[in-house]
Structures are given as structure tokens and as C-alpha cells.
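In what follows, a structure is listed as C-alpha cells, so that the remarks can point back to it.
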Amino acid sequence: RLRKWQTRARVQTSYERNFVQAAQELERLKSAMGVPRPCVEQALEIYRQALEKELVRGRSVEAMAAAALYMACRMLKTPRPLDELIRFTKASRREVARCYRLLLRELNVRVPISDPVLYISRVAEQLKLTGDVVKTAIDIINKAKKAGLTAGKDPAGLAAAAVYIASLLHGDNRTQKDFAIAAGVTEVTVRNRYKELAKALDIKIPIK
Amino acid sequence: MESSKRQGPTHKIENIVATVNLGVELDLEQLAEKLPVAEYNPDQFPGLILRLTKPRISALIFRTGKMVCTGAKNENDLKNAVHALVKLLNDHGANVPLNPEVQVQNIVASGSLNAEVDLEQAALLLENAMYEPEQFPGLIYRMTDPRVVVLIFGSGKIVCTGAKSEKDVAVAVQQLYDKLREIGVLYVEEGGGEEAEELEEEGEEEE
DNA sequence: GCTTTAAAAAGTAACTT
DNA sequence: AAGTTACTTTTCAAAGC
């Protein structure tokens with residue numbers, strides 16, 4: 001009877017124990033980062049698939065859990081920048097990025113391409129901007145896409161610049177630094193994208 | 001009314017990585033002492049590093065007599081560099097054959113499709129493509145025919161890596177160009193005069 | 001898996017002036 | 001704000017940890 005229990009325990013440890021560790025880690029990340037529950041649930045599902053396909057072998061639970069959460073947030077249209085996630089994990093951005101690519105390739109999942117529009121609401125929320133500003137910012141991003149100005153650019157930087165321009169157009173007075181911090185990019189990036197968008201889309205900024 | 005002066009793709013070899021088997025064991029400690037320009041920190045890396053200046057080519061020389069040469073932009077410079085390295089080694093106590101076996105292991109080339117690329121659309125339509133602008137501005141495309149990896153940028157500039165011969169590069173670049181044209185993600189500047197909507201007043205911004 | 005070499009692309013970042 | 005330098009991605013071999 002004892003041997004039977006040990007065998008069952010051993011079978012469970014290879015899968016269950018790792019899964020429980022991942023669940024605890026994801027729970028910790030959720031509390032620390034304020035990630036919506038659905039994202040954690042989706043991340044758990046991704047992690048479960050990764051375990052079934054033995055993708056966790058030789059990799060840290062933390063790195064794989066972070067990669068699963070990053071992927072889950074993107075799949076549920078509430079993306080969090082990888083560099084933000086990295087601040088809450090012990091795993092290096094190199095390994096989390098590697099795990100993410102592994103999940104991308106090995107699981108037949110479709111992760112939507114990063115969309116600057118999805119970062120607009122996050123920035124607007126943090127800075128408590130109005131719906132009108134958000135609407136204008138989305139408008140700017142859509143025009144930028146049609147004009148081919150978004151290829152290769154960090155979606156967070158594009159969103160920050162679009163919201164910055166929208167704010168100026170609506171009379172709000174927030175500094176570029178405020179938008180940069182809210183989007184997790186530098187002021188230089190906001191300024192570069194802002195100049196580029198304003199010039200290419202011929203947007204005239206009113207003097208306050 | 002359409003002038004077909006599409007240039008098509010162009011490319012240039014930027015770096016060739018090759019291995020050389022000198023077939024003789026080498027005393028790296030002794031070589032390092034006689035060659036002050038050499039870098040040798042066995043605790044950090046087992047190879048001795050030598051940098052040639054004429055064409056800027058670097059060599060990693062190992063105890064086993066095997067060597068890795070990087071930095072050459074064409075096979076001729078590579079051959080000359082190998083000869084120069086052999087002479088240099090022989091002038092400092094080693095005794096290696098004059099014409100060692102050289103194998104090209106990797107060729108990196110940069111180039112241009114001479115057309116802008118809709119990376120987002122390309123990522124959706126290409127099979128082995130990965131496009132993550134949050135992490136890297138280029139689309140990573142893994143080609144299986146010539147087994148190479150191509151980094152494709154919105155500007156149409158590309159980087160082809162992993163090729164074993166200059167011909168592989170040429171074939172890969174042309175194939176990539178044909179495929180991208182086929183799926184309709186290449187755009188020439190003029191295209192259709194797109195508009196840039198007006199949004200507000202005019203003025204200057206200053207802080 | 002890491003270490004070291006080289007090289008390009010375009011974007012972002014971190015310092016200095 | 002401009003300049004520099006430097007890091008992100010990809011590829012590859014070598015010998016050893």
C-alpha cells in the first residue's frame with residue numbers, strides 16, 4: 001500500500017507539483033501587478049499545455065509562468081509590456097523572452113500582433129483622461145497605420161505619443177514625461193513618435 | 001503609363017564566418033607571450049584572439065589547432081587572412097601547413113527590397129514568421145529552402161543570415177522578394193496618394 | 001545553456017555635452 | 001535637445017564549464 005502511494009505521489013509530483021508552483025507564482029504576479037483574473041486563468045491553461053508538451057524541462061517555473069502570463073494578457077487584449085512583467089519576476093528578460101518564443105512556436109496558439117490601440121486605454125486610465133481624448137488618440141493611431149508609420153515601432157511608444165497629441169488637441173496640459181512614464185517608455189521616444197506623427201499626419205497643435 | 005523601373009532586391013555580403021583546421025596542436029600560452037597583440041584569457045574563453053587590421057578580420061585560435069575567422073566581406077579577403085595568420089603563427093614558433101582546409105560556416109548579408117513592407121500583414125501571411133515590435137523592429141522570417149533566416153524591416157531593408165554560400169544569399173533574397181510580392185505586402189512610395197487628415201488649429205509648440 | 005568573434009538592420013535606452 | 005555608445009534580434013564554429 002505504501003509503494004502504491006509513493007508511485008502515485010511520484011506521478012503527481014512531476015506534473016502537479018510543478019503546476020501548483022506555477023499557479024502560486026501566477027497568483028503572486030496577479031497581486032503584484034494587478035492583472036485581471038481571466039488573464040491568470042488563461043495563463044494557467046497555457047502553462048498546463050506547456051507542461052503536457054514538456055516545454056518546461058530545464059527551464060525555471062518563474063520564467064515560464066511569466067511568459068505564459070505575458071502571452072495570456074496579449075491573447076485577452078489587455079497587454080502588459082514585457083519589461084514591466086520582468087520587474088516583478090526573478091527570471092531574466094532573456095529567459096522569459098525565450099520561453100515566450102518557445103510557447104509561440106510549440107503551442108498552436110495565435111497571439112494577436114501588438115496593437116498600439118490596446119495601450120491607449122491603459123495610458124488614459126493612469127492619467128485619468130476623458131473618453132474624447134481616447135477617441136482622438138485611437139483616430140490618430142488608425143491614421144498612422146494607414147500611412148504606414150507604425151511598422152517596427154514599439155506600440156507603447158506610439159500609444160503614448162498619440163494620447164499626448166490627443167491631450168494637446170483637447171486642451172489638457174500634461175508633460176511628455178507623464179505620458180512616457182504611463183506607457184513605460186522614455187520621453188525621447190514619446191517626443192520622436194510625436195514629432196513623426198504630427199508631421200506626417202499634418203496635425204497642428206494649438207498654442208495653449 | 002506605369003514605368004516598370006522596379007529595381008528589385010539588392011544585397012551585399014557583410015560578414016563571413018569560417019572555420020579553419022590547422023591540423024596541429026598549438027601552444028597558446030607561448031603564442032600569447034610572443035604575440036603582444038593577442039588576447040588570451042583561458043578563464044574567460046578557451047580561444048586566443050588575434051585581430052588583423054588590413055581587412056578587419058578576427059581569429060579565434062584553439063589549442064586543438066582549429067580556428068574560427070570572422071569579419072571577412074568576401075572569400076578572397078578570407079583566403080588572404082588565413083594565409084597571413086598561418087605565416088604569423090609560423091613566425092612565432094608554430095609549425096602549421098601553408099594551405100589549411102577552410103570551411104565557410106555562415107554568411108551575413110544586408111540588402112534592400114527597394115519597397116516598403118507591411119510587416120503586420122506579412123506576419124499574418126507568412127508561415128514561419130515572427131513579428132514582435134515590442135522586442136525587435138524587424139520581422140524574423142525562417143526560410144527552409146536555402147536554410148536561412150531573414151530579418152525584414154518596414155523600410156524594405158533586410159538582413160539575411162545563416163547562409164553557407166554567396167549563392168544561397170542571392171537565391172534567398174530573390175525568393176523572398178518574389179514571395180512578398182506574391183502575397184502583396186510590398187509597396188512603392190508613390191502608391192496611391194494617401195491623405196493626411198487635418199485635425200485642428202495651427203501653431204507652434206514650445207515649452 | 002554560457003563564454004567570445006563579426007556584421008547589418010531600426011528601435012529604444014542611457015549617459016554626456 | 002543633440003551626440004555617443006550600447007543593447008535588442010538572427011546566424012555559426014571553436015573548447016570547456
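Residue numbers start from 1 in every chain, and the chains themselves are labelled A, B, ... in the order their sequence lines are given, proteins ahead of strands. Since we're looking at a predicted model, the values are computed, not measured.
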Measure [atom1]/[X] against [atom2]/[N] and give the value in whole Å, please.
{"X": "A:E84", "N": "C:dA13", "atom1": "CD", "atom2": "C1'", "answer": "17 Å"}
{"X": "B:L26", "N": "D:dA15", "atom1": "CG", "atom2": "P", "answer": "11 Å"}
{"X": "A:Y100", "N": "D:dT8", "atom1": "OH", "atom2": "C1'", "answer": "16 Å"}
{"X": "B:I49", "N": "C:dT3", "atom1": "CD1", "atom2": "P", "answer": "14 Å"}
{"X": "B:H11", "N": "C:dA9", "atom1": "NE2", "atom2": "C1'", "answer": "16 Å"}
{"X": "B:L85", "N": "C:dT5", "atom1": "CG", "atom2": "C1'", "answer": "13 Å"}
{"X": "B:R51", "N": "C:dT5", "atom1": "CZ", "atom2": "C1'", "answer": "7 Å"}
{"X": "B:M130", "N": "D:dT9", "atom1": "CE", "atom2": "P", "answer": "10 Å"}

Does a salt bridge link [X] with [Y], judged by any charged N lying under 4.0 Å from a carboxylate O?
{"X": "A:K90", "Y": "A:E95", "answer": "no"}
{"X": "A:E125", "Y": "A:R122", "answer": "no"}
{"X": "A:D202", "Y": "A:K143", "answer": "no"}
{"X": "A:R87", "Y": "A:E84", "answer": "no"}
{"X": "B:E127", "Y": "B:R142", "answer": "no"}

Pair of N/O donor and acceptor under 3.5 Å linking C:dT5 base with B:S58 side chain: no

Tell me what [X] touches on the nucleic acid: a base, only sugar-phosphate, or nothing, going by heavy atoms under 4.0 Å.
{"X": "A:R93", "answer": "nothing"}
{"X": "A:V185", "answer": "sugar-phosphate"}
{"X": "B:V159", "answer": "base"}

message: Pick the closest DNA chain D nucleotide for B:F45 and for B:T161 by heavy atoms, then say which residue is nearer the 5' end.
response: B:T161

- prompt: Starting at the 5' end of DNA chain D and moving along, which residue's nearest nucleotide shows up first, A:Q176 or B:I140?
  reply: A:Q176

With a 4.0 Å cutoff (strictly under), does any side-chain N or O of [X] reach OP1 or OP2 of [N]?
{"X": "A:R191", "N": "D:dA1", "result": "yes"}
{"X": "A:R98", "N": "C:dC2", "result": "yes"}
{"X": "B:R147", "N": "D:dT11", "result": "no"}
{"X": "B:T19", "N": "D:dA14", "result": "no"}
{"X": "A:R94", "N": "C:dG1", "result": "no"}
{"X": "B:S110", "N": "C:dA9", "result": "no"}
{"X": "B:T70", "N": "D:dA13", "result": "no"}

What's the closest nucleotide to the [X] side chain, out of [options]?
{"X": "B:R63", "options": "C:dA10, C:dG11, D:dG16", "value": "D:dG16"}
{"X": "B:F153", "options": "C:dA10, D:dT11, D:dT10", "value": "C:dA10"}
{"X": "A:T189", "options": "D:dT10, C:dA13, D:dT11", "value": "C:dA13"}
{"X": "B:T64", "options": "D:dA15, C:dG11, D:dC12", "value": "D:dA15"}
{"X": "B:Q105", "options": "C:dT12, D:dA13, C:dA7", "value": "D:dA13"}
{"X": "B:E14", "options": "C:dA8, C:dT4, C:dA13", "value": "C:dA8"}
{"X": "B:F62", "options": "D:dA14, C:dG11, C:dA10", "value": "D:dA14"}
{"X": "B:R142", "options": "C:dA10, D:dT11, D:dA15", "value": "D:dT11"}
{"X": "B:S155", "options": "C:dA9, D:dA13, C:dT12", "value": "C:dA9"}
{"X": "B:K73", "options": "C:dA9, C:dA7, C:dA13", "value": "C:dA7"}

Euclidean distance for [atom1], [N] against [M] (whole angstrom):
{"N": "D:dA6", "M": "C:dT4", "atom1": "P", "result": "15 Å"}
{"N": "D:dA2", "M": "C:dA8", "atom1": "C1'", "result": "25 Å"}
{"N": "C:dA13", "M": "D:dT9", "atom1": "P", "result": "15 Å"}

Nearest-nucleotide 5' precedence on DNA chain C, B:N15 against A:K153: B:N15

query: Mapping A:G152 and B:P46 to their closest nucleotides on DNA chain C, which lands nearer the 5' end?
result: B:P46

query: Does a sphere of radius 6.0 Å around CD in A:E52 hold more than 12 heavy atoms from other residues, nucleotides or ligands, not counting ones at 6.0 Å or beyond?
result: yes

- request: Determine, step by step, whether A:Y100 and B:E132 satisfy the side chain to side chain donor-acceptor pair (under 3.5 Å) criterion, reporting the C-alpha distance in whole Å, the side-chain angles of both residues, the deciding distance to 0.1 Å, and the verdict.
  value: CA-CA 11 Å; A:Y100 172 63; B:E132 297 285 333; 3.0 Å; yes

message: If I compare all heavy atoms of B:L176 with all of B:V150, which pair ends up nearest, and what's the gap?
response: CD2-CG1, 3.7 Å

